[in-house]
Amino acid sequence: MHKQVVTRFAPSPTGHLHIGGARTAIFNWLFSRHNEGKFILRIEDTDTQRSTTEYTESILESLRWLGIDWDEGPYFQTKRLDLYRAYAEKLYHSGWAYYCECSPEEVERRRQEAFARGLKPKYDGTCRDKGLTPAPGRVLRFRCPQGGITVIRDIIKGSLVFDNSELDDLVLIRSDGMPTYNFSVIVDDITMGITHVIRGDDHVNNTPKQVLLYQALGESVPEFAHVPLILGPDRKRLSKRHGATSVIAYRDMGFLPEALFNYLVRLGWSYGDQEIFTREELVEKFTLEHVGSSASIFDMEKLRWINGYYIRKKSPQDLVDQLIPFLKERGYPERERSYLIRAIQTLQARCVTLSEMADAMDFYMVDEVKYEPQAAEKFLTPDTAGFLKDIIEAISLRDGQFDERALEEFFRRLADERGVKLKVIAQVVRVGLTGRTASPGLFEIMDILGKETVIRRLERALDYATAFQKSATSS
RNA sequence: GGUCCCAUCGUCUAGCGGUCUAGGAUACUGGCCUCUCACGCCAGAGACACGGGUUCGAGUCCCGUUGGGACUACCA
C-alpha cells in the first residue's frame, strides 16, 4: 500500500513564469496526475522586496494557459508566517538553532575575507555559542552538524553524498522575522505532506541543508528528483539575454499551449522515439525514470516545428478563437467567422505560429494589398499589363461557378489558348491578388475572395502595371 | 577557489554488456509532388570527448583527464 503522491510547484513571484519553471511545473503536474495524486500550488513570496501581486497573477495565468490545474492553493508563504515561527521555536528550544547578532555587513566582510584566502565562505560561528536570546535585529541560525555526512537519494541522480563540514549555519529567520527560503520550503513541504519534491537542478546544493533540517525536526524526508536545467545556445543557464524566456512571451508570439507543453516535456524526457504526445498520453506515460540526467539546450527551431505541427493538426474552428487577438492586434477590419475559417484552412500548412498566420492573412483582410516591391517589379509590368487585361475581361464575361474547381479548369484552358504555362498566368494573378509571389493556392484564394474582389484587385494591378509602363517610358 | 552535477549527430534524444557497420526527431542538402510557397513523400550528410582499466566482448561498468554547468546570500 502506497501513500498518496503529493507534489507541488512553488514559484516565487519575482518575475513571469519562466520556461524552466514551466517545465518543472509540468513535470510535477504530470507526475501527480500519473500517480493519481495531488498537485499543490504554493507562492513563495517571502522576498517581500521583489515579490509582486502582478507577477503572481501572471504566473497563474501562464499555468492556466498551459492547462495546468492545481488541487490546492495557491498558498502564500507570507500568510503562513505563524507556522514558520512555530517551527523555528521548536528548533530553538531543542538547541538546533541559535540567535545571531552579527550584522549582514560584518558577515559579508568575513565571507569575502575567507573567500580571498581560498577558504569556504561560510558563516564563521561567532554567535554559535553565545546563548543569545531572541531580540529585534537578531537572526535565527541553524546549528549545522559539524561532522559526518548527509546522503540524499535522488530519483534522477541517484545517491548524492555531502560532507556536513561543507554546510553552513544558514539563516532560518531573518532579522525582519521573515523565514528564508530553505526554511520555509521544508516547513511547507512537511505541513503540506509533500511526498515528492521535483525541482530544478539548481537546488541540489540546498538539499543536504534541508535534509538536516528535516532530521532536526524529526520529520521524514520526501523523495527528491532534481531535473537538469534548460540552457541557452551558449550552454549557460537560460536567461533573458537569450531572448524570450517567459511563457507569456511565447503565448504572445503565437505559440500554442499544447505545442509548448509538448516541447517542454520532451526536453529532458523521452519515451522511445515518440515526439508528439497528447496530454492524456503524457499523463499515462510520464515517469521520472525517463527523465535524462544532463542539461538540455532550448531549441527554438524544434519548438517551431512542433508548433507548426499543432497548427496543421488543429481544426480551423479551434484555431480561429486563438487567432482573433492577433488579427485585432494588426488592426484588420472585422470579418465573418466563417470567412476567417476558410482563410485559416488555406494557411495552416504554411504558417508556424499564430502571429505568422495573422501576418500572412493580410490579403484576406485588407482589400488594398501592398505589393512586395520585388514581386510588383517582376510581375506587374508593361509585359503583363496586356495579359492582365485579358484575364480581367475573361473573368468578367464568365458566368457560372466561381469556385476553386471551375476556376482551375478555366485558367488551365486560358493558358492553353494563349500557349503558355499555367504558372506564367498564375504568378501575375497571384501578385495582383495577394501582393506576394508566395501564397496559398490561387484558386482557393479566388474562391474565398469572391468574383467582385478578384476583379477589383486585378484592375488595380492593371493600373499599377500601366502606371509602371508610363513611368518607365517617361523617364 | 570549494562543493555537487553532467558528457551519443549542430540541437532534443533512443541505447539500460553482445541484436550498434549506433536508431528516431529537428535543422541542413538533394529529389519527387506542384500555379507559387508550404505541407507531404523519398534520399543524403552528420555523434558514442580523450586515456586507462574490468570483461571472451564496452556507447553501455570503474578510474582518471579534458570540457561544460549549477551552487557557494538575512534571493528563491
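Below, chain A is the first sequence line, B the second, and so on; all start at residue 1. In this text, all values refer to a predicted model and were calculated from it rather than measured experimentally.
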Nearest-angstrom distance from the residue atom [atom1] of [X] to [atom2] of [N]:
{"X": "A/Arg350", "N": "B/C35", "atom1": "CZ", "atom2": "P", "answer": "13 Å"}
{"X": "A/Gln210", "N": "B/A76", "atom1": "CD", "atom2": "P", "answer": "12 Å"}
{"X": "A/Arg235", "N": "B/C6", "atom1": "CZ", "atom2": "P", "answer": "15 Å"}
{"X": "A/Trp305", "N": "B/G24", "atom1": "CH2", "atom2": "C1'", "answer": "10 Å"}
{"X": "A/Ile156", "N": "B/G69", "atom1": "CD1", "atom2": "C1'", "answer": "16 Å"}
{"X": "A/Tyr271", "N": "B/U13", "atom1": "OH", "atom2": "P", "answer": "18 Å"}
{"X": "A/Arg237", "N": "B/A70", "atom1": "CZ", "atom2": "P", "answer": "7 Å"}
{"X": "A/His290", "N": "B/C16", "atom1": "NE2", "atom2": "P", "answer": "11 Å"}

No-hydrogen, no-angle side-chain donor-acceptor test under 3.5 Å, [X] and [Y]:
{"X": "A/Asp234", "Y": "A/His242", "result": "yes"}
{"X": "A/Ser270", "Y": "A/His290", "result": "no"}
{"X": "A/Thr126", "Y": "A/Asp124", "result": "yes"}
{"X": "A/His226", "Y": "A/Asp154", "result": "yes"}
{"X": "A/Asp45", "Y": "A/Thr78", "result": "yes"}
{"X": "A/Tyr84", "Y": "A/Asp188", "result": "yes"}

Any base atoms under 4.0 Å from [X], or only sugar-phosphate, or nothing? Heavy atoms, all strands.
{"X": "A/Asn206", "result": "base"}
{"X": "A/Ser296", "result": "sugar-phosphate"}
{"X": "A/Phe411", "result": "nothing"}
{"X": "A/Arg266", "result": "base"}
{"X": "A/His226", "result": "nothing"}
{"X": "A/Ser184", "result": "nothing"}
{"X": "A/Glu166", "result": "sugar-phosphate"}
{"X": "A/Arg304", "result": "nothing"}
{"X": "A/Val171", "result": "sugar-phosphate"}

Look through every strand shown and name the nucleotide pairing with [N] as Watson-Crick or G-U wobble, where both distances are under 3.5 Å.
{"N": "B/C4", "answer": "B/G69"}
{"N": "B/U34", "answer": "none"}
{"N": "B/C9", "answer": "none"}
{"N": "B/C50", "answer": "B/G64"}
{"N": "B/A43", "answer": "B/U29"}

**OP:** Let me know, please, whether A/Glu408 or A/Asp273 comes out on the 5' side of the other along RNA chain B by nearest nucleotide.
**Re:**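 Taking each residue's closest nucleotide, the earlier one in sequence belongs to A/Asp273.
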**OP:** Would you kindly compare A/Cys351 and A/Cys102 by the position of their nearest RNA chain B nucleotide and give the one closer to the 5′ end?
**Re:** A/Cys351
Distance-only donor-acceptor test (3.5 Å): side chain [X], base [N]:
{"X": "A/Glu275", "N": "B/G24", "value": "yes"}
{"X": "A/Lys302", "N": "B/A27", "value": "no"}
{"X": "A/Ser175", "N": "B/C74", "value": "yes"}

**OP:** Kindly assign one of parallel, tilted or perpendicular to the pair A/Phe443 and A/Phe411, based on the angle between their ring planes and the thresholds 30° and 60°.
**Re:**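 Rings of A/Phe443 and A/Phe411: tilted, 30 to 60°.
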Subject >> Interface residues of residues 423-445 of chain A with RNA chain B (non-hydrogen, below 4.0 angstrom) >> reply: A/Lys423, A/Ala426, A/Gln427, A/Arg430, A/Thr437, A/Ala438, A/Ser439, A/Pro440, A/Gly441, A/Leu442, A/Phe443
**OP:** Strictly below 4.0 Å, heavy-atom distances to any atom of RNA chain B: list the hits from residues 7-20 of chain A, or just say none.
**Re:**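 Output list: A/Ser12.
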Rounded [atom1] spacing from [N] to [M] in Å:
{"N": "B/C9", "M": "B/C28", "atom1": "C1'", "result": "12 Å"}
{"N": "B/C63", "M": "B/A7", "atom1": "C1'", "result": "16 Å"}
{"N": "B/A70", "M": "B/G64", "atom1": "P", "result": "23 Å"}
{"N": "B/U8", "M": "B/U3", "atom1": "P", "result": "25 Å"}
{"N": "B/G18", "M": "B/C32", "atom1": "C1'", "result": "41 Å"}
{"N": "B/U21", "M": "B/A47", "atom1": "C1'", "result": "15 Å"}
{"N": "B/G51", "M": "B/C42", "atom1": "C1'", "result": "43 Å"}
{"N": "B/U13", "M": "B/C20", "atom1": "P", "result": "23 Å"}

When you measure from the centre of the six-membered ring of [Y], is the NZ or CZ of [X] closer than 6.0 Å and no more than 45° off the axis?
{"X": "A/Lys313", "Y": "A/Tyr310", "answer": "no"}
{"X": "A/Arg279", "Y": "A/Phe261", "answer": "yes"}
{"X": "A/Arg141", "Y": "A/Tyr123", "answer": "yes"}

Original post:
Looking at the rings of A/Tyr98 and A/Tyr92, which for Trp means the six-membered one, are their centres under 6.0 Å apart?
Top reply: no
Subject >> A/Pro208 side chain near A/Leu167 side chain, heavy-atom distance below 4.5 Å >> reply: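 Counting from C-beta outward, A/Pro208 and A/Leu167 do come under 4.5 Å.
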**OP:** Could you tell me whether the side chain of A/Pro440 reaches within less than 4.5 Å of the side chain of A/Leu347, counting heavy atoms only?
**Re:** yes
Where the side chain of [X] is concerned, which of [options] is the nearest nucleotide?
{"X": "A/Glu301", "options": "B/A76, B/C74, B/U26", "answer": "B/U26"}
{"X": "A/Arg412", "options": "B/C35, B/G40, B/A38", "answer": "B/C35"}
{"X": "A/Ser293", "options": "B/A27, B/C4, B/C6", "answer": "B/C6"}
{"X": "A/Pro121", "options": "B/U26, B/G1, B/C39", "answer": "B/G1"}
{"X": "A/Asp202", "options": "B/U72, B/A70, B/G23", "answer": "B/A70"}

Subject >> Any A/Thr180 side-chain N or O less than 4.0 Å from OP1/OP2 of B/A76 >> reply: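 Result: no.
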**OP:** Please check the phosphate of B/C74 (OP1 and OP2 only) for any side-chain N or O of A/Arg138 closer than 4.0 Å.
**Re:**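 Checking A/Arg138 against B/C74: no side-chain N or O falls below 4.0 Å of OP1 or OP2.
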Subject >> Passing candidate, ring pair (Phe, Tyr, Trp, His ring centres under 6.0 Å) with A/Tyr263, options A/Trp269, A/Tyr250, A/Phe277, A/Phe298 >> reply: A/Phe298
